[in-house]
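Below: the structure, in structure tokens.
When reading the values below, keep in mind they use all heavy atoms of this one structure, side chains included, and skip hydrogens, waters and symmetry mates.
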Amino acid sequence: MKLILAVLLISCLMVLQKVTTNPKDWRQIVPLKTTRTEVERLLGPTKEAYFAEYQLEEGFLFIEYSSGPCRPDRKGGWNVPENIVVSMSLTPKHPKKLHELKLDVTKYRKARGGDTPSVTYYINDEDGIVYAIQMGKVDYVEYSPGKKYDYLQCND
């Protein structure tokens with residue numbers, strides 16, 4: 001009987017922990033700084049090798065991890081250890097208009113989508129943030145290493 005109560009109590013605590021997790025905790029994740037272990041402690045484990053997907057209250061979060069330092073047999077990537085966050089993107093569940101975000105657009109360069117001309121990008125190279133705007137609303141926000149980390153990019 002005590003074993004059943006203990007299992008039930010642990011199960012309830014696990015459920016409560018999931019429910020009370022602050023969905024904004026993902027904002028603690030920083031490209032080239034945060035490890036997979038830290039992400040999984042924050043948002044839960046995933047089975048994929050070099051990426052993770054999470055459905056959050058505010059939208060869909062996609063995280064890409066490094067497959068390891070630069071190697072001659074591989075093109076692109078970052079010269080960081082394996083399982084370090086290299087980028088992430090959030091597709092909001094309830095997209096807002098750009099002006100609702102109260103961004104200082106002078107810190108962003110504006111570009112039109114090459115393959116998708118209906119998309120306008122607001123790009124901040126210094127901070128590594130890209131807002132993709134489609135039909136007047138934020139389609140997704142991408143977070144990647146800022147310009148000061150360019151020296152860590154692997155040469156092709």
Side-chain angles (χ1 to χ4, degrees), residues 15-71 74-156:
V15 168
L16 284 174
Q17 181 182 2
K18 282 275 189 196
V19 171
T20 58
T21 298
N22 182 354
K24 294 191 184 225
D25 284 349
W26 70 269
R27 294 182 190 272
Q28 298 173 20
I29 302 167
V30 180
L32 299 189
K33 302 257 186 246
T34 307
T35 66
R36 181 183 199 111
T37 303
E38 292 167 327
V39 170
E40 290 181 347
R41 192 176 313 125
L42 203 58
L43 300 173
T46 59
K47 295 179 183 180
E48 294 82 7
Y50 295 111
F51 69 92
E53 299 172 313
Y54 297 96
Q55 188 63 50
L56 306 174
E57 271 184 39
E58 61 188 288
F60 178 77
L61 182 65
F62 178 86
I63 299 174
E64 181 184 3
Y65 297 105
S66 170
S67 59
C70 301
R71 298 188 314 255
R74 186 181 71 199
K75 289 187 175 191
W78 293 89
N79 198 21
V80 295
E82 187 175 21
N83 288 317
I84 297 291
V85 173
V86 292
S87 70
M88 59 187 184
S89 63
L90 178 75
T91 303
K93 193 179 286 186
H94 305 289
K96 294 183 179 183
K97 292 186 177 184
L98 184 65
H99 76 273
E100 292 178 282
L101 301 177
K102 296 181 173 49
L103 293 179
D104 180 357
V105 291
T106 63
K107 294 183 179 181
Y108 294 79
R109 66 183 166 87
K110 189 175 176 180
R112 288 273 182 219
D115 293 339
T116 41
S118 63
V119 178
T120 302
Y121 299 98
Y122 287 84
I123 305 162
N124 180 321
D125 295 310
E126 293 300 315
D127 295 332
I129 302 173
V130 176
Y131 288 88
I133 311 298
Q134 190 164 17
M135 297 174 59
K137 294 188 176 183
V138 177
D139 193 39
Y140 66 87
V141 184
E142 185 175 316
Y143 303 88
S144 57
K147 194 174 187 120
K148 68 182 180 181
Y149 297 106
D150 283 354
Y151 72 97
L152 288 173
Q153 284 187 310
C154 299
N155 296 325
D156 288 344

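- Distance check: L98 CG to L103 CG gives 5.5 Å after rounding to the nearest 0.5 Å.
- Applying the ring-ring contact (aromatic ring centres under 6.0 Å, His included) test to pairs two or more places apart or on separate chains, those with a residue in residues 112-136 are Y108-Y131.
- Across all non-hydrogen atoms, the minimal contact from K33 to I84 is N-CG2, 4.1 Å.
- Using a 4.5 Å heavy-atom threshold, the side chains of P117 and R112 count as separate.
- Counting heavy atoms from C-beta on, the side chains of V39 and T34 come closer than 4.5 Å.
- Side chain of N79 to main chain of C70: a donor-acceptor pair is present (N/O by atom type, distance under 3.5 Å, no hydrogens or angles).
- Interatomic distance, I129 CD1 to S89 OG, rounded to the nearest 0.5 Å: 13.0 Å.
- Contact detail for C154 and G76: the closest heavy-atom pair is CB-O, 3.3 Å.
- Side-chain contact check for Q153 versus W78: some heavy-atom pair is nearer than 4.5 Å.
- Nearest heavy atom pair, residue V86 against residue Y65, reads CG2-C, 4.0 Å.
- Note that CG of N124 and NZ of K107 are 8.0 Å apart. Values are rounded to the nearest 0.5 Å.
- Contact check for L32 versus L152: side-chain heavy atoms found under the 4.5 Å cut-off.
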| task | Would you sort out whether R74 and S67 count as a side chain to side chain contact (heavy atoms under 4.5 Å, CB included), showing the intermediate values? | result | CA-CA 10 Å; R74 186 181 71 199; S67 59; 2.7 Å; yes
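- In this structure a side-chain-to-backbone donor-acceptor pair under 3.5 Å is missing from Y143 to D127.
- Contact between E100 and K97 at its shortest, heavy atoms only, is OE1-N, 2.6 Å.
- Aromatic rings of F51 and F62 (six-membered ring for Trp) have centroids within the 6.0 Å cut-off, being under it.
- To the nearest 0.5 Å, atom NZ of residue K93 and atom CG of residue L56 are 8.5 Å apart.
- Between the side chains of S87 and E64, at least one donor N or O lies within less than 3.5 Å of an accepting N or O.
- Across all non-hydrogen atoms, the minimal contact from E40 to T46 is OE2-N, 3.5 Å.
- No side-chain heavy atom of R36 sits less than 4.5 Å from a side-chain heavy atom of V85.
- Looking only at side-chain heavy atoms (C-beta outward), L61 and L43 come within less than 4.5 Å of each other.
- Using a 4.0 Å cut-off between a side-chain N of Lys or Arg and a carboxylate O of Asp or Glu, E53 and K47 do not qualify as a salt bridge.
- A distance of 12.5 Å separates CZ in R27 from CG in L42, rounded to the nearest 0.5 Å.
- Taking CE of M88 as the reference point, atom CG of L90 lies at 8.5 Å (rounded to 0.5 Å).
- The shortest non-hydrogen separation linking P92 to V138 is CG-O, 3.6 Å.
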